[in-house]
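Notes follow once the structure below has been shown.
Each chain gets a letter, A, B and so on, in the order the sequences are listed, and its residues count up from 1.
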Number of protein chains: 2
Amino acid sequence: MTTRMTRQRAAVAEALDEQDEFRSAQQLHEVLRARGDSVGLATVYRTLQTFADAHEVDQLRNADGEVLYRRCERVEHHHHLVCRSCRRTIEIDGPTVEAWAAKVGAAHDFTDIDHTIELWGTCKDCRG
Amino acid sequence: MTTRMTRQRAAVAEALDEQDEFRSAQQLHEVLRARGDSVGLATVYRTLQTFADAHEVDQLRNADGEVLYRRCERVEHHHHLVCRSCRRTIEIDGPTVEAWAAKVGAAHDFTDIDHTIELWGTCKDCRG
DNA sequence: ACCAAGCGTGAGAATCGTTCTCATGAATCG
DNA sequence: CGATTCATGAGAACGATTCTCACGCTTGGT
Ligand SMILES: [Mn+2]
Ligand SMILES: [Mn+2]
Ligand SMILES: [Zn+2]
Ligand SMILES: [Zn+2]
């Protein structure tokens, strides 16, 4: 029920804050190892999941199905435009698609509508 | 280079046509086994991937990360509204979001924009 | 119809991201 | 300062998907 503050959770949160791009659990585990914070891989997975459940980090899947995490600037609901190669991320505010998604769901008598909306592309720097 | 017609591919295509909902490779493998068509699991995976590459079937991931396949009515690009519990699927035509996705990508100088847009909900029949 | 060439198949091994197990460690609270 | 109980971590287990490779079948030409 209660969430305890541990060295490990603080370390994961801090490593996460240093990242600009979406990162996988394994990548973050490596970041932690490199900076000297010893945190078990299982703990990294658990902690990220906990953060995600608390909406403290955003979560998405890349084309390979790997789960990526990122602490975003804005707390409110939003979407992402992510560079396929460097994962540079732009936070997108999409009132247009929000309305569209809700309307479509209602029109077909579906409830508890949830939407997965992510944009992938190649950023300027990653273009030859 | 050339694609050969085999008993297995015909069987997978046929099983796929009988389905109304999105199905995983393993589910389709089971469907094939049940109807007496013996097709190896690896072949089912390969065949579905081949069909997807040829845009003959649509492909998406559920919340657990499993890949689901479905032969849709419309051949043109579209999206889906899928029931989380029974996977009943509605094909969605989204000119609104198409334009939105393209505009957002261009605005941030990203190219080769690709979008993942799927809606999940609970259909009427699956509501208590 | 016959044959050679090479793509397709399948059983099982291998991958790999993620989760589980469970004994041990550490936050929390009175 | 305990007692309680959640958190941790090393390694095992899982599960979806892919890979391996010997053998079979489709195909295109003769
Ligand atoms: Mn949204
Ligand atoms: Mn679209
Ligand atoms: Zn980039
Ligand atoms: Zn349903």
Q | Minimal non-hydrogen separation, B:I117 against B:H79, with atom names | A | O-ND1, 3.0 Å
**Q.** Closest heavy-atom pair and its distance - B:L81, A:V104
**A.** CD2-O, 4.1 Å
**Q.** Check: B:Q26 main-chain N/O paired with B:E30 side-chain donor or acceptor under 3.5 Å
**A.** no
Q) Base, sugar-phosphate alone, or nothing: which one does A:T50 contact when heavy atoms must sit under 4.0 Å apart? A) nothing
Tell me the interatomic distance from [X], atom [atom1], to [N], atom [atom2], rounded to whole angstroms.
X     : N      : atom1 : atom2 : result
A:N62 : C:dG17 : CG    : P     : 10 Å
B:Q27 : D:dA16 : CD    : C1'   : 13 Å
A:H29 : C:dG17 : NE2   : P     : 13 Å
B:Y69 : D:dA16 : OH    : P     : 13 Å
A:E66 : C:dT18 : CD    : P     : 6 Å
A:L32 : D:dT8  : CG    : C1'   : 14 Å
B:M5  : D:dG28 : CE    : P     : 12 Å
B:R61 : D:dG15 : CZ    : P     : 18 Å

Q: For A:L41 and for B:R7, find the nucleotide of DNA chain D with the closest heavy atom, then tell me which residue's nucleotide is more 5'.
A: A:L41
Report the nucleotide, chosen from [options], that has the shortest atom-to-atom distance to any side-chain atom of [X].
X     : options                : value
B:R9  : D:dC19, C:dG8, C:dT18  : C:dG8
A:T43 : D:dT8, C:dG10, D:dT27  : D:dT8
A:Q8  : D:dT18, D:dT8, C:dT19  : D:dT8
B:A42 : D:dC19, C:dT18, D:dA10 : D:dC19
A:T47 : D:dT8, C:dT28, D:dA10  : D:dT8
B:Y45 : D:dT27, D:dT17, C:dG17 : D:dT17

Mind checking whether [X] and [Y] have side chains closer than 4.5 Å, heavy atoms only?
X      : Y      : result
B:H78  : B:E76  : no
A:W120 : A:N62  : yes
A:I90  : B:F110 : yes

Q: With axes from five pairs an end, tell me the bend angle of the helix from C:dA1-D:dT30 to C:dG30-D:dC1, nearest 10°.
A: 40°
Q. Can you check whether A:H29 and A:Y45 have ring centres sitting under 6.0 Å from each other?
A. no
Q.
Less than 6.0 angstrom separating the ring centers of A:H77 and A:H115, yes or no?
A. yes
Can you give me the N/O atom pairs linking the protein to nucleotides 1-5 of chain D at distances under 3.5 Å, or say none if there are none?
from	atom 1	to	atom 2	distance (Å)
D:dT5	O2	A:R4	NH1	3.0
D:dT5	O2	A:R4	NH2	2.8

Q: Please figure out whether A:Q49 or B:V39 has its closest DNA chain C nucleotide nearer the 5' end.
A: B:V39
(Q) Between the base of C:dG10 and the side chain of B:R46, is one N or O donor paired with an acceptor at under 3.5 angstrom? (A) yes
Q: Nearest 0.5 Å please: distance from the CG atom of A:D58 over to the CZ atom of A:R74.
A: 10.5 Å
**Q.** Pair B:Q27, B:R87: side-chain N/O donor-acceptor within cut-off below 3.5 Å
**A.** yes
Q. Between D:dT8 and A:T6, is there an OP1 or OP2 to side-chain N/O distance shorter than 4.0 Å?
A. yes
